[in-house]
Each structure stands twice: as C-alpha cells, then as structure tokens.
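These numbers were taken from a predicted model, which means no experiment stands behind them. Note on naming: letters A, B, ... go to the chains in the order of the sequence lines (proteins, then strands), and numbering restarts at 1 for each one.
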Amino acid sequence: MPAECPYSAAVESFDETLLAQGMGAEIYGRLRDHLSQNEPPELERLSDRGQRLMRDLGVTFALYNEDDAADWILPYDLFPRVIDPETWKFLSSGVIQRVGVWNEFFRDIYDSQEALKNGVVPFELVYDDPGYQRNAVGLSVPDDTFVHVAAFDLARDARGRWVVIEDYVGNVTGVTYGLQARAVLTQAAPELLETAPVCPVQGYPTELLEHLRGFARGIQEPRIVLLSPGSYNSAHYEHSWLARQMGIPLVRGGDLIVLNSRCYLKTIGGIEPIDVIYRRLDDAFIDPVAFRSDSTLGVPGLMTCVRKGTVTIANAIGTGLGDNRAIGALLPRLAKFYNRGPLSLPGVERRLCFDPDQRAMIESDPESWVIQHVSERSNRLVWHPGRMEGEERSRLLRDLRRHPERYVAEPILPLTQLPTASANLDRRHAGLRLFVFGGKNPRVFPLALTRHATEPNSRTISSGLGGGIRDTWILRGDETSPSPSPSRPVFLTAPFQRRLRLGSRIADSLYWMGRYKARAEQATRMLLVLRRLQIETAGRETADRWAPIWAALARATGHSSEHVALESEGLDDPSYRLLLATDNSASVARCIASLHDNSRGVRETIPPEVWSAVHRLHQQCEQAQEAMDPSDLARLSDLMQSLLDAVDQLDGAAGKNMLHDDAWHFWRLGQNVERALSTTRITREVLVKHGRAATEHAADLDLDALLRILSCQYAYRSLYQARPTAPNVVALILQDPALPRSVLACLEDIRASLATVSGSSRHAASASPQRSVAKLANAVEFADLGALFTAAEVPVGSAANKIAKPPGPSGLLPLGPWLDELGDRLSELSVEISDHHLHHQAFNILR
Amino acid sequence: MRFHIEHTTEYDYPDPASESFSELRLRPRDSLRQKVSRHQTLIEPGVLVESHIDYFGNYVETISIPYRHQRLVISSACEVETKPFNDALAALDLTIAEARQMYQERRRELHDFLRPSQYVRLVDPVREMASELLPEAAPFAESLLRLNDHLHRTLRYRPGATDAGTTVEQFLQRREGVCQDFAHLMIAICRAAGLPARYVSGYIETDAPLGDDGRPSKALIGAVATHAWIEVFTPTGYWVGLDPTNNMLDGERHVQIGIGRDYADVPPLKGVFKGGLAQSLSVQVRMTREE
C-alpha cells in the first residue's frame, strides 16, 4: 500500500523522493538525474527563468506581515512533487469520502440537527461558533449541496501514513497557484515535463464552471459570477485569474443589487439577473443586513434571494462553520453516524482542549504539541510551546486553561521534504493540498498544490508567510487516463446567448486606465521633446528660453506651478519633478500608479499580456523612483524613452490581445477623451500664451516644439512642405481626421465607441453623450480657423455649431477662449459618459 | 384586550439615499397569549414588501428601494387581541439550584439563552449581582420578582440617557437608561445565575383607561416607540415575562412583537442605504384599546 511508508519507527523527517515506490520512484530518479546533470550556473539560469515567469504571470500574494500589502511574488522551485497513480487513487477516494461527510453534516445542521440531538457533536461547538449561521437554518439548497468545492491539506504522520491536517469546506483557496505552478514549469523547463506521463491541469477552470452550472436549479444558461472581497484581499490574484479563466465576471458586493428577492448585476446596459454566485467572501460579510452590519463588501438583502431560492451560493451560506477544527476532529464519528464511515483517509490526531482529559495530556507535555485556535485560520494563531520562552509559554497555557474551547492541539508531524532545484538538491519541507468537487457526484480533478518552505528545517510553507510553490505531477496510470465526462458535448455549440454585458465598475476602471495611460504618455513625450530641444539649441538659445514653455506645459498637464518654479540660482531642470517626484500628484509616476491601481481591480477583464505590460511599466517607475539621481538628466532621458517604449508595448498588447468588446471600447474612450483634452490644452498653452508677442524666430521654435510634442512633425511636412505657420499647425492638430492625435480623430473614435456600447442599451433613446460628441465633432470639423487668428470681434463658427464665447480682451487672439471652451466641453463630455454608463441610476426599467 | 396599534417611522435624507435595503420586525407574533387578527405594512415610496419567519420565529418583512429617494415612511398597523393567562411563577416551589438542575434535559434548546450575546456580556459586575441577588439556595420565583423590583428601584428610567449601542456595563455605570437597558441587564444577571432568559420586543399600553373613581390609573412606562422586557424559562416549561422597567410581570397590556437573545436579534428596523450620512428620523406609536 503506497499510503504506508517502509519506515516503521518515528523519524524526524521524510524525503518524499525516497518514500516513493514504483512509478513515482522512477520519475523522481529521472528528475534527480536530469537536474543534477545541469551545471550550477545553468540550474540558476533555469530557476531565474521560473521566477521571472512568476513575476510576468503576476503570481502574487499579499503578505500578512507587510504593512503596505504590496504584491509579493511567490518563490518558485522547478523540482516537482510526483504522485503515482496508486497513491492518487487512494488519496482521491479519501478526500471524496471526506467531502461527503462534511456535506451531510451541513445538511443536518441547517435542518433537524440530528448530530447535535444525538450528541455526536457537542451542541456548544456549533452554537457558540460564529460560523454557525442561524439565518441559514431551515433553508434548502439546490441538490442538498452545501460544499461545492473543497480542499484538504495533507501530511504524513510519524508512521508515514497520509493524514488530513486541514479541511477547507467554506472558502477554498489555492487552486490558481497549483495551475500556475504548471504554467511556469511548462515555460521554464518544458524538457522536464517530457520525462513523465503527467495529467494535464489546464482544463480545471472549465471543469469548475461546468460543475457550478450544475447547481443552477435547472436553468439552461445560468449566469454565474465570482463574488470577491476586492483587490485588497490577499487572494485577489487568485480570484481574478480564476474568473477570467472561467469566463465569468469577477464582481464585488457593490456590483450586485437585490430587488424583490432577485439578485442582479449592474452593467453598462442595465441590470441583469444572476443565478449562481461563486463566492470568495465569508458569510459574515456577504449580506450586511442579515449578518455583520459593518460590512461594506457584501450585497444587502442577498439572504432573501437564498431564502426564495432564486440564487445558488457556492459554497452555501453557513459552510464557514467547517473552519472549526474541533468539528473536523469529530469527522470520524460523524462519518459513522451518517453511515459513511470509516474514513479511509484519517485526520491528524487532534486534541480538543475543552475535554479535561485531552487537555491534561497537552499540559503534561506541551512541547510535543502545536496549539491552534479552534476556528481562526490565520497564520498568527498557531503556537509552538516547544519554541516559546517561559513567560510567553505560561501565558499561553494559562489561557488554554481559562478558555479551553478556543484551542485545539496537534502532534508535531515529521517534516516531509522535497529536493529543490539547487546545486545539491537541498531538501525543504513541503505540504500538499488536494481539491475536490462536492455534490451528488463528488470527484477530484488531477490537480494539487505543493507549497514548500524556503529555509532548511523550516515548517513555514504558507504563501502568506513567504513559502514557495512548485508543480505537482499526478501521473497517469491506466485508470487515470483522461476520461471525458459523459455529458461533454462533442459537437459545436452555439455561443453563449445570454452573455452578460460589462459590469459598470469594470467599465469605469477601463475608462480611467485609458485616461491615465494617455496622460502619462503625453506628459512623458512632452518632457522628452523639451529635453532634446534644450540639447539641440544649447549653443543658440539661452538656457531660460524654455522656461515659459515648461511652465505652460506643466499647467496643461495639471501640475501646480510650484513644481516648475525656477530656482533662484540658475535653472533647475524640472524633468525629475514632473516625471517621478513622489510629492507631485500629477507626475507621470503617479499617473502610472493610478493606471496600475485601476488595472489591478479589473485584472480578470484584461488579458494577462496587458496586465504584464502595465505591471512592467509600473515597476520601471518604482525602480527609477528608488534609484534615480534627480540631477542625472541623461539617465532621465533614457528612462523617458524606455517608458514610452513600454507604453507602446502596452498599446500593442492591448490591440493584439483584447477582444474588441465593450471593455475595449471603454479603454479606448478613456484614451481618446484624454488625448483630445491634452491636445487642446497643450495647443492653447503653447500658441496662445507665447505665440502672440513672440518674434518670428521664437514662434517658429514654439511651433516646432508643439509639432514634435504631439508627434506630428512628419505629418505636417508631408502635408504642407513648408515652414510651420500657426494656422496650419492648428488646422492639422484640430481637424485632420488622419492624424491619430488630432482632436477630430479622437472625437470620431469616441463617437464610434459610444455607438457600439449604447447599441443595445435600454437608454439609447436618451443617449446624451452620443448627441454631445456629435455636436462637438461638428463644431471642430467646421470651425473657421482663419477667424480665430484674427484679433477682432468675430463670430465663431456658424450658429448651430459655434462654441459660443465672446472674444477675449482686445489684442488677444480669439483662439485662446475658443480652445478654453473646447476643453471645457470635452470635460463635460467625460462627465456625461460616466453618468450615463458607469454610475447609472437606471432602475426605471423596474418602476 | 383588543388593541389597534399604528407604528410609523419616517426617515428624511437631505442628500438623497439610494440602494436602500431594510428588514422590518414590526408584526406582533402569534402565541398562546396573543392573536394577531390583521396586520399591514405600507411603504412610501411604494415598493413590494416580502416576508419570512426568522430563526427565533419572528415575522420579518424586507423592502428594497434601489432608486434615489429623500424620504422613507414605514407604517405598520395591526389588530391584536391579548388573553389573560395564569401566573406561571405562582405555583413554583423550588430553589434556583433545583431549577438549574431541571434545565439539564433541555440544555441544547436553551443554550442560546444561557450564553452571553452581543448586548448581554456577562461581565464581572453582572456576575457579582447574580451571586448576590440570585443565590443558588434562594427560591426561584421569589428571587426573580425581587430582582425585578431591585432593578426598578436602583436604576432610573430616563429616555435619551442611552442609545441602541449601550452595553450592560455602561448602563450600570450611568445608572439610568431605557427599557432596552433594563432588559439587557436583567437578562445578563439571569444568565450569569444559570437561568435561561430572552429579550422581548413589543408594545405596552401607556395611557391607562380611567379607573372606577374616574381618575386615570397609574400610567405605565414604555418607550415612545416600542417597549422591551424579558422572559425567563421556568423549569415547568414556560417562558414567563418580567418587565423590570415597570416592576411587573407582563400582562394583557403587553403586546409582543418578537423575541431573541437580545436587541440585536429583534430590532424593529435594520437596514443599509447609499447616500449622505445625515438623516432625520421620527417614530410614532399609537396604541388604542378597543372595547
């Protein structure tokens, strides 16, 4: 039996590669050979590649210990864990049995409570647990299924037998890391995977989706969403990745609304009913009216939908009770009580401190035990009396005596270890997690998560405490060869008809991603061009020649004047402040940080390539902020160029990988609104402030700068083949439909996007942003530019299209007020788009 | 006695509220001692009212108002008939220790009402009062009546002295509060002594009818809105009502809305909305006896 190891006596540690038998031993042997063949530098290179892939894929976890919850890239090791077919079979049937008992327990507890009436579980354990939801008692759930998805952590006991050390039947995490561990290995060291018949894992998200669709109370094309606590949760990466892979919206409480016992998703086209909620939000937070009223993460009234059975929550409300380790310890008794025992895969021999005899055992020999909180799964609520000093330890033991119901104790298990892909194949402690689908036909998917400690002799494998991950190979035997599920269609199916429209919050984030990206790009280009102009004209122009233009451009990009104030001694170049200064809220770095924040919240909606590009851009800025010498202008220029390159890469990734759907259009809308605005403002600041009284030579320089800042000097030359003149430049910048940055081109793009996103909207009739953009485009296209350069009182444009504003004080060109007005109307358009599609109060459909 | 009760709550939001969702516990429960013949809840703005029965057997209504509104009016009207019933304490001749012994068989069902709860913390001063006022050897029925009297005498009823979040400890320090505080403290003392006790939310007839001599009999104290008192479980299997605010057993002039471990289980109104924080609230309860 593979479950029993050859050692009979208790040992300090187990090397899994030595415990393995048969096929497992053979594969481990090959792996050792293969990896030890590599010279250390080669091995290091491979490992680096793995780690880089982890970063590019963004496999992150928010560390508990870090105050600024910044994303932590999990350490990766190339040496996989191998599970032979026989062991897999044994472990699978063990966890399947366990999930069945748990489900039966919840079905009983939220109904007639026979297990409590018969004393199988002390009723105090349940009634005093905050995870017991009185609100859920008596409610029926589809298929009597409470545990749709479960996970189990496994280890070996002193005799080498597999035991379950942790049951996860409420909120289950970690599956994504298991999947990504394979993705990284496939890319970093594909040759390793060729050495063994490994079960593929990439089908898991689809399998999970199909599994959840089975609980939609018979609805043919159910609408499913993943409800998450938001981007500041440590598992956000997992939530967003999974939602994306499953092709379902990732939502937060605020994205959903309950009306008349039905739950709806707010989308850009109105509200849409939801049938299944795959939730990663704990019971206590899921409905602030039924549960904790201080929760801002939940959906008010969701319990009324559960009560009426209009929505399926997976896992069901009340399964948080399964976090109680004391109940977990009684699982063998429950299995017997529900006629499902004995358990083939036992749990660790956990001691319940409220039992005086069991407590006495712990008190007499505290060093042999690990003490844990009974239900809190936090890493901080685990104590090792053997490693504690006198006072600290007596405090723990005193509290154990005072509140025994709060604690359970477990024997210290041997360290089971796996080699690392290092020169000596050093061993590290490793843990194993299996994932199970619960329900009428519970089953496992050949996927597991192996986490490992990064230090020798450490037991810390938790991702929250710096543990690493590696791939887990479940080997194909004769029986585990892929068996297609019988219901799987083999013919081409029609695309999902009831596709959900884009969620309003996501559209909002994409819109702002577009705006921040365009803003950062424009400002960086502007800085770079000015820097180059300064160098080019160094011999001819005085150093302060460019100061006014710096100031003007800073204003045009939203900076306060202090950031470009001239120092008393000579000229201080403002590049660093405009680009990177942390105290400048309009700096390029801040724009990129905002772009990053917005992307992070909608990571599931954007392709990983786009996320990677945003992430790289952000990292470049952060690294530069740490390392850059503000006076090193040459390096600053290099940075600007590389930021612009990174922006181009982002544009490329977006263009190539994003579906041209609603999300795409909001990303485009944001960019075009921002571009139109910045083009308008920059033109105004450069031409109107400095064009008036300048000498011909100076004006020429300004026009040249403007063309270069808006990257249209070649367009100008090819069109006019002459020296730039202000009216020609303005005509090009405002009205040329072929120039991507021209105001008209931006407006036409906005018009097209709005037409697409409003297409099937219920509010199309009152499509005010569409009307506004059409009017604005006409006003720009047919503007009489000649008149704007005449210092006289001129009516601007025809009556219908005019942007009405009286000409400024005498002597000033009408161009200035005209451009100001254009800027104001573009800002108003932005507000209209938001009000209309993003913050809608559009519930009139239900009134 | 037959009562007609009208209970109106009005919220005004200077900044419009939206996406509001509320749970109402306003319909009196049916029990051996009272029967509800009619009940209606009206909401303005008009929305659908849905209902269910909660874990403790209370009648709950839910409403959702998604769109912007500046005013929310909830009016509940009902006809209730209360019936006379025997004094369940009268025939009980046993000590507190004996009573506790007799609860053993029903430990599971009574567990919720023996444990501390959100508003009923069994803090040290409470435990001291329990051992002083409900000692093990003392007679069960008499001690409870004495406790009722003691609380009534030593603590002052003063509307506005406390709020919905006041704890038992704070009440003991301030020594003045409202019916909810009296109820929570008495429940805490009972539970600390091992006697199952629960919270009752309801109405009380405050304006007494004229007595035989043509003068009004002594008016009872109830909150302007709703009243609260407690029930203790007797070893003979009854929940007996004690009203420490008025130093009396509950009677025909008490109308129960619902029961729970404490106020948190039976607030008349509980809800959330989006919008500005500023809001003004007015509550009106009219309870008239019908001959």
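Near-neighbour residues of residues 40-58 of chain B relative to chain A, defined by a heavy atom under 4.5 Å from a heavy atom of that chain, comprise L48(B), E50(B), H52(B), Y55(B), F56(B). Residues of residues 122-132 of chain A having a heavy atom under 4.5 Å from any heavy atom of chain B, listed by number: F123(A), E124(A), Y127(A), D128(A), Y132(A).
Evaluation of the side-chain contact (heavy atoms from CB on, under 4.5 Å) rule for D282(A) yields N171(A), F285(A) as partners, not counting sequence neighbours. Looking at residues two or more places apart in sequence or on another chain, you find a side-chain contact (heavy atoms from CB on, under 4.5 Å) between I257(B) and S201(B), Y203(B), T226(B).
Counted by atom type alone, S375(A) and N324(A) present zero donor-acceptor pairs between their side chains at under 3.5 Å. Between the side chains of H39(B) and S76(B), at least one donor N or O sits under 3.5 Å from an acceptor N or O.
For a residue to count as touching a neighbouring chain, one of its non-hydrogen atoms must lie under 4.5 Å from one of that chain's; by this rule S261(A) touches chain B with backbone and side chain alike. Interface residue R134(A): backbone and side-chain heavy atoms are both found under 4.5 Å from chain B. When heavy atoms are compared at a cutoff of 4.5 Å, V289(A) approaches chain B by way of both its backbone and its side chain. Contact of K308(A) with chain B is made through the side chain alone, with heavy-atom distances under 4.5 Å. If you measure heavy-atom distances from R115(B) to chain A, the contacts under 4.5 Å come from the side chain alone.
For Y119(B) and Y199(B), the gap between ring centers reaches or exceeds 6.0 Å. Two rings, from F273(B) and Y11(B), have their centers 6.0 Å or more apart.
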Would Y103(B) and F233(B) count as a side-chain contact (heavy atoms from CB on, under 4.5 Å) here? Give the steps. CA-CA 9 Å; Y103(B) 295 133; F233(B) 193 75; 3.7 Å; yes
Salt bridge (Lys or Arg N to Asp or Glu O under 4.0 Å) between E61(B) and R27(B), intermediate numbers included: CA-CA 9 Å; E61(B) 291 168 305; R27(B) 183 196 191 274; over 6 Å; no
Please lay out, stage by stage, how F291(A) and M303(A) fare under the test side-chain contact (heavy atoms from CB on, under 4.5 Å). CA-CA 9 Å; F291(A) 302 107; M303(A) 278 306 283; 3.7 Å; yes
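Between R121(B) and V126(B) there is no side-chain heavy-atom pair separated by less than 4.5 Å. Two residues are said to be in side-chain contact when any heavy atoms from C-beta on lie closer than 4.5 Å; D111(A) and R107(A) meet this criterion. By the 4.5 Å heavy-atom criterion applied to side chains, E98(B) and P235(B) are not counted as neighbours.
Note that CZ of F105(A) and CZ of F146(A) are 11.0 Å apart. Values are rounded to the nearest 0.5 Å.
Each of V272(B), I63(B), V60(B), T62(B) has some count of heavy-atom pairs under 4.5 Å with chain A, and the biggest count is that of V272(B). Between chain A and the options D265(B), D112(B), I65(B), the largest number of non-hydrogen pairs under 4.5 Å is found for D112(B).
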